[in-house]
Each structure stands twice: as structure tokens, then as C-alpha cells.
There are 2 protein chains.
Amino acid sequence: MNMAQRRTTIKDVAEAAGVGVATVSRVLSGGSASAETRERVLATAARLDYRPSALGRNLRQQRSGGIGLLVPDITDSFYARLTDGVLSCARSYGEPVTIGVTGDDPEQEAELIGTLIEQSMDRVIAVPSGDGETWAPALRAGLNVVFADRQVRDDVPGVVADDRAGVRTAVEYLVGLGHKKIAFLARHGQSQRVAAFTDTLTSMGVPVDPELVVHARASRDSAYAAAAGLLQHRADLTAVLTGGNMLGEATVLAARELHVRIPRDVSLVMFDDVPWAELCSPPLTVIAQPAQDVGYRAAELVLRQGRRPRTVTLPTELIVRASCGPRR
Amino acid sequence: MNMAQRRTTIKDVAEAAGVGVATVSRVLSGGSASAETRERVLATAARLDYRPSALGRNLRQQRSGGIGLLVPDITDSFYARLTDGVLSCARSYGEPVTIGVTGDDPEQEAELIGTLIEQSMDRVIAVPSGDGETWAPALRAGLNVVFADRQVRDDVPGVVADDRAGVRTAVEYLVGLGHKKIAFLARHGQSQRVAAFTDTLTSMGVPVDPELVVHARASRDSAYAAAAGLLQHRADLTAVLTGGNMLGEATVLAARELHVRIPRDVSLVMFDDVPWAELCSPPLTVIAQPAQDVGYRAAELVLRQGRRPRTVTLPTELIVRASCGPRR
DNA sequence: AAGCATGATGGAATCGTTTCCATGAACATG
DNA sequence: CATGTTCATGGAAACGATTCCATCATGCTT
């Protein structure tokens, strides 16, 4: 027995149905045809279990269907949920999704963009890494890009969570609790959130201490180092706001290591709600982001050609648990 | 200005270099050519920034490069890490990865397999959902499949963690602590682990109570329901072993909800180590699995054609933290 | 009835690559 | 010098779909 026999092609169907290949193609893609022919072709195609080869179609139309997705780190719960949203939307359109992780590194990102272009993928959703410069060639090549979670160029539509409002709410909450020495532990590139942080402080009459804004790279180690450094060098701080769940995780870990009690010694608010925030000790007060929706909406945007809004902003929500207390 | 100008093709390069397209193709794919020609072609290709279109190549070779990856749930940390491993290996081969989530549902899985075949993807890594029956047509079609995390047919190579040893170690640990009424909270399809569980109990002379083996579906809700049901109806149990991190999460949550104290009232061992296990209160004793390695090795297997071993089994490790105590 | 519009249909071109095969040159061997 | 061998090379076929265009039949209008 010879396994892997040749697959059924449109030619086979045409022959079996006694029509031309053009007719089969038309029938299958909803073009005009007489009722009788249509029925015969459909029946034959079903009988032969014919599935059009994406290869042939793609070459002819000069573009592969499907959408490319570039995220910094699939291991991070936030991007995993975002990815889930993209997949969920893509599935309903029957579009395959090709994924790549950039490690938040513009160089790797550029390489992955190259791969996508090689595949003639013309629809891409990305969480961009550096400034938007990496994307200039891709855009020139006619790529249909939608940014998710971060907005780094204004000639590309994007879907983001409402950073500013989220940070503002959190800071207001903390200040309301009496805190003045509030640190912001950010990932590089979260300039939006940092700006919102300082803006809110000044608008509330709290002096901002630039040394209390600390940046980390997008790895667990870097996050831990930053958190531990902050907690060690600034014994005077009473509250920490982290720019992402990995930073929050690192802060809890570092605090435990250094015998800093949460919320007794310092209060903690984490950007991004994750399942374990509730299991943590103490349960973490967070700014929840609709990660899955961000992905879903981005996919809708990239799939529905046509009109493209500037930027879609999705609301965030402060969820109060038990990691914040009054200023000690 | 007209954006999106036609992309450079092999024909352009051939013309510019004054050679035939066949020669260009040969040079670029390492075939034989005179040193002089080779150099000229290479230079021209670089000058024109030529990148071969994957579309043309794929059609010609009757297969799209790249690998397909099917996981039950990208939101689950374990599968996210597995995916990360696959991506990491695939990247070093320059192969794109197309991902799909099955929701652990054979029907959705079958649909996704259909999509992959449509794309002429002939290399697939999958965490299979039901029994392996879904895969029969794909295998007949000549698909190159590698299973990850679960082994459901023996005509397909696979990479799995050492379930049996992991469960055995955990049960031995628990029994050593004096526990006799130990529950196993499993996901459907984890028959390997369940078998190892009962085997170990009997081999240690502990009577097995079939009602203490509880199954849940692969969703958060189902996991929670199962955990809560178990904790409520079986007040006599003193230890729980969960078959995955989602079930562990659900158990911690349900225990807290029902005022069951861990480890004072019941001890808990969770299959799969996740970053938050350490942040949990109490920190969870777990059976760590090399999720990333599973993915990486699976990718190696599917990319390196050639010799294909039966099954690769990777070791697990019991990490003792603070969620287990002596029998109360 | 002639002319015209409409609609169904199939042949052939096309997309960009790889690969088969023929050609011709260069070289070695007798 | 004749013949055989090796090698570089380019033309052309092939992959499987879509789509342009020409053809032909039908039905309607005048």
C-alpha cells in the first residue's frame, strides 16, 4: 500500500463533475453558476472530499491568508490571554495564526517581521518592542499591521487598555490611603504609564521623587533585581505600583525575601489581574486589564479590512483585595 | 507615490545578474555553480534585497514549511511554557509556527487538523485531546505528527514528562507523612497519572477508595466545581494530589472558600510547578515538569526527519514547599 | 426576425519557485 | 585527433488555485 496518495485537486473535481476548473472555482467561491451545475459540482466536491489547497490560492492571490502575531513573551499570562483572544477571533474566521515571540527585543522583532514577509503574510498583530522604527520597512511593504497593548506610532491602528486611567485610579487609591512615597516599578517602554503616574501625583499635590520610578527589562531576573533593589535602598517608601504582573510577582518575592511585610510595611498594587493574584498572600489589589478583549479586538481590526479607527482604548478596573493598607 | 510596489522576484535577480532563473535558484539553495557566477548572483540578490517568496516554493514542493502546534489552552501556564519551547527550537531553524487551541475538545481538534491540511502543513506537534482516533485521517494523509505531554497512540512519536514517577514520588511522600485518605483530582484523559496513583497506593499497602479519584474537564469552572465538591463531601480526606496547575489553583481557592486550612486540615501536592506556587499561601509543594523542554524536544523531533524514537520521557521532580503536613 | 443584453461556461494565463533535461564547453583519456 | 566525461547553464514544465476573456446560448426588445 502506498501511503500519502496525491491529494484531490480542483482538476479532479472538474473532471469528475464534467465541467471546467474555472466553473468549480467559481462555484466554490460563491461566483455565479446555474443551479444545476452548482449542485453537481458541490456534490462531486463533497464526494471526493475535496479541500482547496491554500498553497495554490495563496500564490495566485499573492498573499497567504492567516494572520501573524508577535508578542514579547508567551509565558507571561497577559500575553497568553491576549493571544487567546486573537486565536478566538481568528478561529471564527477560519484563519490560521502564526505566532512569534520577540523577547521584547527590536532586533528579534525585525527578524520575525522578515519571516512574515517571506511568507507573504500581510496581516499582522504585534505588541511592538522598541520605538516603532522597526516597523517602517514592513509598513512600506504594504503590511496590514495592528498594534496591541502598546501604541508606538500613530500611523498604525491599535488596541490598548486604558493605561492612564488605570494608573490614575491606582495612584488616587494609594494617596487616599495616606501614601506619599509611592514607587513605580516599570518595564522599559511603559512611558505612558510612567507619565500617568507622575501626572497624577503632581495633580494631587504629592511631590514626585524621580528615583522612585524604576525600570526593569522584560525578564524575571531583571524584574526581581529591580524590585529587590528598590525595597533595599528605599526603606522610606510605603507603597509600590508595578507596571505588569511579572514585576508584581517579583515584588512579592523580593518583599518576602527581605522580610518586608505586605501590606503592613509597604502596600502593593499590581497592573494586570492574573488568576494567582487571589491566591497570593496577601491577595493582591490589582488593575485588571481586558487582555483577551485586547487580542480579540485587534484581530477584528486586522481581519475586517475597510475602515480602520485610530486607536481603540479598553477600560481597566481597580480590584481591591488585601495588599494595601493605610500609611504606616 | 504608489506604496506596496511589486516585490522582487527571482526573475528580477536573474535578469539583473545576467543569468537564468534556474541558476539563481541553484546558487541560493546551495547547488553547484561556478565561483564567479555564484558571487555575481549573491551580490545581485543582496543589492536588490531579494527574499525568496515562501509561496512559490511551497507550491512547488507541495508542502508549506513551518510547523503546526495544537495545544488545549494557551492560557494554562504549562502549555504556554511548552509553546515557548517549541517556538524557541523552531526559531533556530527559521521555521514559522502556526498555533491553534483545541479546548481539549476532539471536535475542535479535528477542525484545526483540517485547517492544517488545507495549508499543506506536514509537520505538527500536538497535545492530543481524546483518544488518538482524531488523528487517523491526518496520519493517513502523510502528516508528520509528534505528540507532546500525552501519548495516546503508539504509532506516533511523543515527548512526555515522567508522569508515573512523578505521581509515585508524590504519593510516597504523602504516605510517608502518614496520609491514607488521599484524593486525586484529575483532568479527563489523565489515565496514566490515575493508574500510577492507584498502583502506588496498592503497592504501599494503602487501600484505594475509587471515590477519591475525581475527574474534571479542562476549564477553570469545572476544576473549581470538582475541587469544592471533593472538599465538601469528603470531610475525611487528609491530602489531595492534583493532576495539573489549574486543578491546584482551584483546590486552593475552594479550600479557602470552605475554610479548609492547608496544610493543617488537608495537605496538597500539585502536578506542575508554576511561578505563583511559591507566592501562594502556603507555598505549594509541587511535582515540577520540564514543560519548556517537552516543547523543545518535540520540535526537534518533528524538524529532524530521519530516525524517530518511540517516546521520549523527561524526568519530573518533587519540590517540597509548605503545603503538606503530617496527618492530622 | 434582427439585434442586443445577459448569463453560463471553459480555455488559458498567471502567481514565484524548484527541478528536469538538453545543450554546449572544457577537459581528460585513449 | 576522436571520443567520453564532467560540469555549468538556461529553457521550460510543474505545482494548484483564481481570474480574464472569448464563446455560445438564451431570452428580450423593437
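Below, chains carry the letters A, B, ... as their sequence lines are ordered, and counting in each starts from 1. This one's a predicted model, so the numbers in the text were calculated from it and none came from an experiment.
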A.B. asks: Would you say dC7(D) has OP1 or OP2 under 4.0 Å from some side-chain N or O of S34(B)?
C.D. replies: no

A.B. asks: So what does S32(B) touch, heavy atoms closer than 4.0 Å: a base, only the sugar-phosphate, or nothing?
C.D. replies: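 S32(B): backbone/sugar contact only, no base atoms under 4.0 Å.
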
A.B. asks: Can you confirm whether R217(B) is buried at CZ, in the sense that more than 12 heavy atoms of other residues, nucleotides or ligands lie under 6.0 Å from that atom?
C.D. replies: no

A.B. asks: Nearest to the side chain of L59(B), heavy atoms from C-beta on, is which of dT18(C), dC15(D), dT9(C)?
C.D. replies: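 Of dT18(C), dC15(D), dT9(C), dC15(D) is nearest to the side chain of L59(B).
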
A.B. asks: With a 4.0 Å cut-off on heavy atoms, is G56(A) in touch with a base, just the backbone sugar-phosphate, or nothing at all?
C.D. replies: base

A.B. asks: Across the strands shown, which category fits S25(B) at heavy-atom distances under 4.0 angstrom: base, sugar-phosphate, nothing?
C.D. replies: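 Since a base atom lies under 4.0 Å of S25(B), the category is base.
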
A.B. asks: Return no unless some side-chain N or O of R57(B) is found under 4.0 Å from OP1 or OP2 of dG16(C).
C.D. replies: no

A.B. asks: Using a 4.0 Å heavy-atom cut-off, does L55(B) contact any base of the nucleic acid, only the sugar-phosphate backbone, or nothing at all?
C.D. replies: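 Nothing, no nucleic acid heavy atom in range.
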
A.B. asks: Using a distance-only criterion (donor-acceptor N/O pair, under 3.5 Å, no hydrogens), is the base of dG16(D) paired with the side chain of R7(A)?
C.D. replies: no

A.B. asks: From the options dT18(C), dC15(D), dT9(D), select the nucleotide whose nearest atom is closest to the side chain of I10(B).
C.D. replies: dT18(C)

A.B. asks: Out of the candidates L42(B), V41(B), L48(B), only one should pair with T44(B) under the side chain to side chain contact (heavy atoms under 4.5 Å, CB included) rule; please name it.
C.D. replies: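 Result for side chain to side chain contact (heavy atoms under 4.5 Å, CB included) with T44(B): L48(B).
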
A.B. asks: As a quick check of understanding, evaluate side-chain hydrogen bond (donor to acceptor under 3.5 Å, both in side chains) for S219(A) and S222(A), giving each step before the final call.
C.D. replies: CA-CA 5 Å; S219(A) 73; S222(A) 172; 4.6 Å; no

A.B. asks: Just how far, in rounded Å, is P of dA8(D) from CZ of R26(B)?
C.D. replies: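 Distance, rounded to whole Å: 9 Å.
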
A.B. asks: Is a side-chain donor or acceptor of R81(B) paired with a backbone partner of S77(B) at a separation under 3.5 angstrom?
C.D. replies: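 It does hold such a pair.
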
A.B. asks: Looking only at side-chain N and O atoms, does Q61(A) come under 4.0 Å of OP1 or OP2 in dA17(D)?
C.D. replies: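 So the side-chain polar atoms of Q61(A) never come under 4.0 Å of the phosphate oxygens OP1 or OP2 of dA17(D).
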
A.B. asks: So what does A22(A) touch, heavy atoms closer than 4.0 Å: a base, only the sugar-phosphate, or nothing?
C.D. replies: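 The residue A22(A) makes base contact.
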
A.B. asks: May I ask you to decide whether R150(A) forms a salt bridge with D104(A), counting only side-chain N to carboxylate O separations under 4.0 Å?
C.D. replies: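 The answer is yes: the pair qualifies as a salt bridge.
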
A.B. asks: Regarding S53(B), tell me which of base, sugar-phosphate or nothing describes its non-hydrogen contacts under 4.0 Å with the strands shown.
C.D. replies: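 Answer is sugar-phosphate: S53(B) comes under 4.0 Å of backbone atoms only.
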
A.B. asks: Measure the distance from NZ on K11(B) to P on dT14(C) and round it to the nearest whole Å.
C.D. replies: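 After rounding, the reported distance stands at 9 Å.
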
A.B. asks: Look at the side-chain N and O atoms of T37(A) and state whether any lies under 4.0 Å from the OP1 or OP2 oxygen of dT9(C).
C.D. replies: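 Yes, such a contact exists.
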
A.B. asks: Between the base of dT17(C) and the side chain of R60(B), is one N or O donor paired with an acceptor at under 3.5 angstrom?
C.D. replies: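 Side chain to base: no pair below 3.5 Å.
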
A.B. asks: Measure OH/Y50(A) against C1'/dT18(D) and give the value in whole Å, please.
C.D. replies: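 Rounded to the whole Å, the gap is 10 Å.
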
A.B. asks: If only side-chain N and O atoms of T23(A) are considered, is one of them under 4.0 Å from the OP1 or OP2 phosphate oxygen of dA8(C)?
C.D. replies: no

A.B. asks: Which whole-number value in Å describes the distance from I117(B) CD1 to dG16(D) P?
C.D. replies: 15 Å

A.B. asks: Could you tell me how far apart R38(B) (CZ) and dG10(D) (C1') are, to the nearest whole angstrom?
C.D. replies: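 So the two atoms are 17 Å apart, to the nearest Å.
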
